[in-house]
Amino acid sequence: MMLISPLHPPLEKSGAVFIEAAGWRQAQSFGDPEGELQAARQAVALADLSASARILVEGERAASVVQEALQVDAAVLEIGAGLDAGWFGVYRLRPDQVFVHGSAGQAGELLAALERKAGAGPPFTTVTDMTHGKAEIAVIGPQAAELLSRLCGLDFSEVHFPNLSARQSSVAKTHQLILRHDLGDVTTFALIGDRSLGAYLWQTSLEAGSDMKVRPIGLQALSNLAGTS
Amino acid sequence: MADTPFRTSLQPQETLDRSRTISFTFDGRTFQAHPGDTIASALAAGGQSILSRSFKYHRPRGVLCGAGHCPNCLVQVGDEMNVRACMTLVEEGMQVEHQNAWPSLDLDIMSATALGDAFLPVGFYYKTFIRPRALWPLYEHILRHAAGLGKVDPNSSPDGYDKQYLHADVVVVGGGPAGMSAALSAAENGARVLLFDENPDLGGHWRFQRNQDPQIQELRSAVSNHKSIQVFNNTTILGWWEENWLSAVWGKRLYKIRTSSAVFATGAYEQPLVFDNNDLPGIMLGSAVQRLIHLFGVLPGRRAVVLAANDDGWRVAADLLAAGADLAAVADERGGDQAPDFAHKLAGEGVPVFWKHTIQSAYGGKRLRRVDVRPVDGGSAITLECDLLAVSVGWGPANGLLYQAGAKISYREDRNEFLADHLPPGIFAAGRVMGLHGVEAELADGKRAGESAGKFAPGSLHLDPSLRSGNALHSVPGIPNDSSPPESLHVAPGTLHPPTSLSPRSGFAQGMPRTSNRISVPGSGKQFVCYCEDVTLKDLKTAIAEGYDSLELLKRYSTISMGPCQGKMCSANTIHLCARENGWSVEQTGATTARPPMTPVRLGVLAGQNMEPVRHSPVHDRHLAAGARMMVAGLWMRPEHYGDPQAEVQAVRQRVGLIDVSTLGKLRLTGPGAPALLNKMYVNKWLKLDVGRVRYGVMCNDEGVITDDGVTGRLGEFEWYTTTTSSGAASVYEYIQWWAQSGWGEGVHIHNVTENFAAFNLAGPHSREVLANLTGADISNHDFPYMHVRQIEVAGVHCMVFRIGFTGELSYEIHCPAGAGPHLWDALLAAGEPHGITPFGVEAQRILRLEKAHIIVGQDTDALTDPLSADMAWIVKHDKDNFLGNRPLKRIADQGPVQKLVGFTMQSPGLVPEEGLQIVRRSDTADSQIANPGLEIIGWVTSSRLSPTLGKAIGLCWIPAAMADTEGTEFTIRRNGSLLTGRVHHGAFYDPEGARLRS
């Protein structure tokens, strides 16, 4: 069985070459990995990260559960702030809500660790695997903020939306959790919203950035980007 | 192809690329242009003097302001109407056409309306063309044809429009000397600055002056290169809203801008003078003449008369001479003693000068031919032949945005200008809009305003908290306060009344009064105050005489200032005229309200990029591949059917069918408090539901009205899974959250997991066999009975399977992780193939549920429906603790429902009454006579279909409870004037005992 991203139909229409990775059918490239890399480094690119692990931890003990389960300083995070633990990231959305964001295929491992600690209540803590319920679109590149400013009213400047931070807002009339998690030195925002709206948001983002020559990129370019940054 | 006889030699400031020539057409005639030309400048270079016809009288009109403020050069470009020719660059091959003239711009038959203007007085639509009433459609047709601007092209492309949000510490509006100075000053105080200017280059009015001040070029360069300043050229601010929220338009893009503070350096609009035939092509504002000469190398006329009431007029005269025009005369409303030295120098060079003279009348047909010049104080007129009259009589501060931002604006008699005398916190102003004229004063004022704005912004390096309160503003240099006299308005003392000497560096006089208080010259011809709506001086006087003497009434009655210029060309003159006619002061007369948008804006810009969110199920592409006809259901796209809904119903009843119900709302409730919360939210009981059991629930609001329904399964000791209607997912989640956070949420967490799971309903007598092929779990009726839930593997996917039956057949609702949805869908169809499985859509589902008489919330219920009236009294449990709707439902139970939802069949079995039809009975009451003589409406049909299973029409309807209570009661349905007979039916139409779904 292969898991299918909500963006699969539009990716396929854009000429994606698919591979199976971490149990998901993912876009390896769109036929020009080098060009895709350059687009991300010099302008703006979109990538499908819907296969990423996404787990929501809720409850009075949420931050301490994450801290104990994943061995990170989640309890000291301010609202809207995040941290990068290498293979996953942690963002505090509310005093009682922490979002854990991992690579594709890691949901099970993260979930198990978190549920083990969550079960040690009271007060009780709820761990919810949101991996399948969300589409995730990465907006990558020096013009990422400008593209997003055409879809969302937030201030995406360095001062107001620094690396490793999270905001929730309307993007193209849909509710999205927006994470800033740069790939090396390349500005990167992740739009995380309802899975069913993913194809719409993907297409709308492409249209909004058409004059910036926005283009979709695949795993190969993403990997190179992370490696060369 | 038209030549360019009015093109001058190369001008130092011009924006043209003369190395290239492009061509375009105007009304089919080809014109030449250079890149950088506007449509208007290229047409002027080619000798085209008429650009449009006026709104009402269809009089010929040519360039007036050259700055995009007046209506005179509105043209049609391709499919776009009302394009400002003076602001739009020519493109190769562009097709430009006139508007509002027939059959041609030169020969417009509708100009005959001027002969019948006795029938078109101000407010004529209240006076004439009223009777006979029957002819109004004819009048309306003719009037609408005669008036108006461009024509909408219904095939116009909506593509290319978008919007963008911008954020700044300081927004500066206006790229002239004051604006640039303010931007630089704010940026040097550490602020993020956005500078907006409606022109293609920075410099404001300095862009089209002969003697350039080197300071301006240096400032332009410094601003353009500053890393904290972003310049938006060709961008017009449309309006200001609360909390420093501004909008701007650039081409097809709308900017929405949030800023901490704003500096308005919006400059001033040059104002026209009112005299006989003051609208003839060839009569231009002085600044328009300068723009044409300096920016575009176009000589606006060969023989010119200049009317001056300030030094600017003399600069226009000098520019015309230098460009090669024959200067017939300069008429200055002032005496020679008030004129600058260079004016006397020009006079000494042989230019005829008429001191203390003004323009009496202009004459001409399609172009100005001559003017009468007469002494200001009366006397005989002198006629001068000319084809150009440049009018430079004064400026009106562009203070509309300041007004919107809350500035207090009052009239300054000494300046003849409306100026801001108090600014709210975070709002700053500088330059000509504050009455300052002259580069030194404008630069100094801009610097002061920018510094204050920069310090106001939270990101500033030098944040001054004292600036953030209204009182503290009084201490800011240059910002007026209630206790200081207006003379303290500006930082440069004396700049309001300086000597009229030449500036040593710029050649410009500093800060002289610029505005003539002479608004109109007595005459007998048409004297236009409003160019947009063809409102004349006579119209205004008539309106005031009729009692519309207050400025706001005058505006609404005469429509003055309500056209494309939005008062830029007419407001100041109207205020003065209104004051004089009423014998009031200008201060007493006041000013009209400046509202956004400040400039006409395309509707496409306001609409922006087409953003209509649409939701796709995890197997959306499977439906498309199967040839489904998709339908919109809320934001969702759902398969209505796959070609034959009746056959799909039969498949479910006889074999097995599969429907995608991923759109169902899905909530996960966790924690020990979950059953207590459910017990309060739903009208039935939840405290004793065992793990693995499922229960149908109805949710009401606190008025007892049904808001949603669905099933809830208990997955574990502290884990519950609830489904809602597809359209109710978000609202039910919010509703439960609201009550949970209002005190009912102790020990419970609620998550909307609608999107986490794909859900498919496998329904039909063979569904167990199909499912059994894909799971190792025991799904026999004994181990997995009706209204139970199991978590089992299906086709290798961990699923929640609910044994429930909306369709009335044995069925399994299978919920799996959404990413596995396509795999499971494919697996179920493949496993069902030997059993003749058929995917079925919403239409088949609606028939199937109707055969079982199941309601759909929102279709069979409305905003007043309670469960007792909906024939669901069985689900309301008054013997439990308080719940939403408890008390009103008790009251309804005590009194008995008035109306009831009930099933029905038809006397004619094949006749299906449409949903929404009225149910009526005979009546002689007066009320019933109005809409349906002799009939009283007593109910309506909510659902109806032809049941393929039963072979007859069935439905649900609302009728009086007394009728509904008796099986077989006949009632009347009114359909297209005929009366049909229906019969009350109790219970499900199909398998009323529910044996099939329990099998």
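Within every chain, numbering begins at 1; the chains are lettered A, B, ... in the order of the sequence lines, protein sequences first and strands thereafter.
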Which residues share a side-chain contact (heavy atoms from CB on, under 4.5 Å) with B:Pro672, sequence neighbours left out: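 With sequence neighbours excluded, B:Pro672 shows a side-chain contact (heavy atoms from CB on, under 4.5 Å) to A:Phe124, B:Phe718, given in chain and number order.
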
If you count heavy-atom pairs under 4.5 Å with chain A, which of [options] comes out on top?
options	value
B:Leu824, B:Val748, B:Leu635	B:Val748
B:Ala758, B:Ala820, B:Gly608	B:Ala820
B:Gly821, B:Gly747, B:Gly796, B:Gly160	B:Gly747

Under 4.5 Å from any heavy atom of chain A - which part of B:Val753: side chain

Region of B:Pro822 in contact with chain A, defined by heavy-atom distances below 4.5 Å: side chain

Can you find a pair of side-chain heavy atoms, one from [X] and one from [Y], that are under 4.5 Å apart?
X	Y	result
A:Phe99	A:Val57	no
A:Leu70	A:Val100	yes
A:Val17	A:Phe30	no
A:Ile137	A:Leu7	yes

Find the N and O donor-acceptor pairs between chain B and chain A that sit under 3.5 Å apart.
unit_1, atom_1, unit_2, atom_2, d
B:Gln164, NE2, A:Ser149, OG, 2.8
B:Tyr165, N, A:Ser149, O, 2.7
B:His167, NE2, A:Gly153, O, 2.9
B:His167, NE2, A:Leu154, O, 3.1
B:His167, NE2, A:Asp155, N, 3.4
B:Arg192, NH1, A:Ser157, OG, 3.4
B:Arg192, NH2, A:Asp155, OD2, 2.8
B:Gln609, NE2, A:Thr204, O, 3.1
B:Gln609, NE2, A:Glu207, OE1, 3.4
B:Met611, O, A:Lys173, NZ, 3.4
B:Arg615, NH1, A:Asp194, OD2, 2.9
B:Arg615, NH1, A:Ser196, OG, 2.8
B:Arg615, NH2, A:Asp194, OD2, 3.1
B:His616, N, A:Ser196, O, 2.9
B:Arg668, NH1, A:Val127, O, 3.2
B:Arg668, NH1, A:Thr128, OG1, 3.1
B:Thr670, OG1, A:Thr126, OG1, 2.7
B:His749, ND1, A:Thr126, OG1, 2.7
B:His751, ND1, A:Thr128, OG1, 3.4
B:His751, NE2, A:Glu58, OE1, 2.6
B:Glu755, OE1, A:Arg195, N, 3.3
B:Glu755, OE1, A:Ser196, N, 2.7
B:Glu755, OE1, A:Ser196, OG, 3.1
B:Glu755, OE2, A:Ser196, OG, 2.8
B:Asn756, OD1, A:Gly133, N, 3.4
B:Asn756, ND2, A:Asp129, O, 2.8
B:Gly819, N, A:His132, ND1, 2.9
B:Gly819, O, A:Ile4, N, 2.8

Nearest 0.5 Å please: distance from the [atom1] atom of [X] over to the [atom2] atom of [Y].
X	Y	atom1	atom2	result
B:Ile257	B:Leu246	CD1	CG	5.5 Å
A:Leu222	A:Leu49	CG	CG	6.0 Å
B:Leu669	B:Ile750	CG	CD1	5.5 Å
A:Phe161	A:Leu148	CZ	CG	8.5 Å
B:Phe196	B:Leu194	CZ	CG	5.0 Å

A:Ile55 to A:Leu111 - nearest heavy-atom pair and separation: CD1-N, 3.5 Å

What part of [X] lies closer than 4.5 angstrom to a heavy atom of chain B: side chain, backbone, both or neither?
X	answer
A:Leu201	neither
A:Ala172	both
A:Val127	backbone

Among the listed options A:Ala199, A:Gly59, A:Cys152, A:Ala51, the residue most often paired with chain B at heavy-atom distances under 4.5 Å: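 Answer, by heavy-atom pair count under 4.5 Å with chain B: A:Cys152.
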
Which of A:Gly198, A:Ala208, A:Ala135 touches chain B most, by non-hydrogen pairs under 4.5 Å: A:Ala208

